[in-house]
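Residue numbers run from 1 in the order of the sequence given. Counting starts at 1 for both ligands and their atoms, in listed order.
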Amino acid sequence: ENLFKIFFQHFFDFLKEKQDKRYMKGILDKMRDKCWLSKQVDRAFFNSFQIDSKDLISNTIIKEMPILFKEIEKVSQNAAILFQLIQDDSLGEEGFNIKRCESTIIQANTSKGLLYGMYRLYEEILLGNQFKEIISIPDQSIRMINHWDNMDGTIERGYAGESIFYANNQFRRDWTIVHEYARLLASIGINALSINNVNVHKVETRLITMDFIEDLKTMNAIFSSYGIKLFLSINFASPITIGRLETADPLDERVQNFWQKIVSNLYKEIPTFGGFVVKADSEGEPGPFAYGRGHDDGANMFAEILKPFGGICIWRCFVYNCKQDWRDRSIDRARAAYDHFMPLDGRFSDNVILQIKLGSLDFQVKEPVSPLFGGLRKTNQIIEFQLTQEYTGQQRAVYYQAPVWKEALDFDTKHDYSPSVVKGLLKSNSIDSKNSGICAVGVVGMDENWTHHKLMQSNIYAYGKLCWDNQLTSEEMANNWSKLSFILSDQGHKTVSEILITSRETYRLYNAPNGVGFMCKPHIHYGPDVDGYEYDRWGTYHFADRNGIGNNRSKTGTKYVEQYSSQRCEEYHNVKTCPDDLLLWFHYVKYDHKLQNGKTLIQDIYDNHFEGVERVQKYIAQWQTLENEIDEESYSNVSGLLDEQYDMAIEWRDQINTYFFRKSGISDKYNRNIYN
Ligand code: GCW
């Protein structure tokens, strides 16, 4: 009853060289020290076994197996692995079961499940874990990465080199790197990828035409062989720019015909194509508003056209007025996503997914979770994270994000239905559970180590693992990443993990205080500029004056709090119960306001900013203890960047402390150095 069976047995001499536990490193380091997963495949152990040669993923498994065998034979006398396609509804399309007795059996309903099972087995072996059985089914259906890559090779908010996909307004055609990347993503369970910036410029607008179809087909073949669906970000105004129509009105028949043709041509060439990602009526991108239509009209038009081909339309909720007058206190950007999309709940087709940023502003170090989670109950939804560190150090600071994502996924919206926690309701509040999940803005570039900062590879790893298994802890993922990436003593791994796990809090301490956000240099978003956005059009203000600081989003202010469930609303509305680290997001308070931690706000600001810098200083000392343990390249990469982070943390500390000292006239209780 098996659809196909692969049986391969390799007998070996078990008195082999000392086990090298670095994830792929011992084998592949020489070729390219990119990541815990590297590129080339050693075919030495590959003999023959039956396989469905038309199935791209099973071909991938064949290619990967020799590496797996090499690892297995180091720890087990019997390196036999049986890949078995079975029929077991409980495993779903992507789940797997690994049993280890005399031999190892990986079972799944699909070759994709087998692929995930294979990578999992591989990881367990490299981690040195013993187990008898692992049954694993992903918690989230869609586990996606959105690239903000432009075809000229630049990446919007990218800090790890040029695009791995494009250069000079063409595909770069470095298919080896694309391959490596696909493999890296599959090894952590990513199953969807959009490959161009959501701000779709001139050349990129033509990605949906036949101009680039051969390259797109190659890209698709590579990603499909790793179980990853390909998506394109589209320009809503394409009917005008490409189709030479005078309108892009989604209800206009000519516009619909235009898209119909585009979509059917695409699917003729790439039948497994995933669909579109759309940023519409946002930050200058065109959208349905220009024609008096709603987001539902726009999204549903695409959905209807994509539906016969099994495609989906991912529609972003990052919609707000970016031409606000700072004088006008009646507008609150934080309200915008909810105000626009909540009234449309239940009006989207079942192949439309709303993509909602984690917080209501924009990937700040600390934001409350968007009230659309828990609010929307009849709409497919994806939560959006940001792997690239736009506001959080731009790959030059350590900022391990698992704690940020855990905070969001574990957030209890306190609505009076179940599940009310974000990780559960993504699925249960979607009308088609397979059209729900998580996505994140990508981070990789042409930099030799993928992420510029070696330690920030941990974010990609943790992202994939967490999307698959929402129960994993930040600590577990940090520890495992360290073990898979470096050969170190136990203490060495502890040091790496400790730096990672505390890094988000460290960054928060020396950044904009207590959830107020921004205060960064306009446009580049790196380094402090307290008033940089204060009199600008972007709606990201802190309203500091001589008495106090903060946004009044309570019931007496913009009423943003009312977008939450009544319990959350009361909690955030009341200054006594509003969490300290979100206080200035929700309230304007005086500098001598007493926080829940017993300190005054101003003293807390000073303390945090001094502590933030001290923590970075400690990282430098901690990292130095690894000098003789860690490979030289990683060592110097991280130590150089820690020095830079230290300088930047000092800049943040001094600008923020001085700013508030000057505004408030209140001195630091401990008389530390604050410039006046
Ligand atoms: O935060 C903003 C970024 C823009 C980005 C936008 C978005 C792609 O500064 O660069 O545009 O978010 O999410 O669309």
**Message:** If we ignore hydrogens and angles and just use 3.5 Å, is the side chain of N637 paired with the main-chain N or O of K454 as donor and acceptor?
**Reply:** yes
**Message:** Which residue and atom name correspond to the protein heavy atom nearest atom 6 (C) of ligand 1, and how close is it?
**Reply:** E283 OE1, 3.3 Å
**Asked** Going by the atom numbers of ligand 1, which of them fall below 4.0 Å from some non-hydrogen atom of F318?
**Response** 6 (C), 7 (C), 12 (O), 13 (O), 14 (O)
**Request:** Give the contacting part of W538 toward ligand 1: side chain, backbone, both or neither, where contact means a heavy-atom distance below 4.0 Å.
**Result:** neither
**Message:** Do D339 and Q563 pair up side chain to side chain, a donor and an acceptor below 3.5 Å, judged on atom types alone?
**Reply:** yes
**Request:** Output the list of atoms in ligand 1 that are nearer than 4.0 Å to some heavy atom of N197, sorted by atom number.
**Result:** 8 (C)
**Fill in**
Taking only non-hydrogen atoms of E390 and a 4.0 Å limit, the atoms of ligand 1 in range are 1 (O), 3 (C), 9 (O)
**Asked** Any idea which protein heavy atom is nearest atom 1 (O) of ligand 1, and the distance to it?
**Response** D362 OD2, 2.0 Å
**Request:** Pick, from H523, R157, K357, H525, the option with the minimum heavy-atom distance to atom 12 (O) of ligand 1.
**Result:** K357
**Prompt:** Are D139 and K427 within salt-bridge range, i.e. N to O under 4.0 Å?
**Reply:** no
**Asked** Under a 4.5 Å cut-off applied to non-hydrogen side-chain atoms, are F302 and W315 in contact?
**Response** yes
**Request:** Check each heavy atom of W148 against ligand 1 and say whether those closer than 4.0 Å belong to the side chain, the backbone, both or neither.
**Result:** side chain
**Item:** Part of V441 within contact of ligand 1 (heavy atoms, under 4.0 Å)
**Value:** neither
**Message:** Within ligand 1, which atoms have a heavy atom of K279 less than 4.0 Å away?
**Reply:** 6 (C), 7 (C), 8 (C), 11 (O), 14 (O)
**Request:** Return the set of residues passing side-chain hydrogen bond (donor to acceptor under 3.5 Å, both in side chains) with T392 (not counting sequence neighbours), or none when no residue passes.
**Result:** none
**Message:** Closer than 4.0 Å to some heavy atom of E156 - which atoms of ligand 1 meet that?
**Reply:** 4 (C), 5 (C), 8 (C), 10 (O), 11 (O)
**Request:** Would you kindly check if the NZ (Lys) or CZ (Arg) of R157 is within the cone defined by 45 degrees around the ring axis of F363 and under 6.0 Å from the six-membered ring centre?
**Result:** no
**Sidechain-backbone polar pair: E204 side chain, D149 backbone, donor-acceptor under 3.5 Å** = no
**Item:** For atom 8 (C) of ligand 1, the protein heavy atom that lies nearest, with its residue and separation
**Value:** N199 ND2, 3.3 Å
**Message:** Show the atoms of ligand 1 that are less than 4.0 angstrom away from any heavy atom in V198.
**Reply:** 8 (C), 14 (O)
**Prompt:** Do K357 and E367 meet the salt-bridge criterion of a basic N to acidic O distance under 4.0 Å?
**Reply:** no
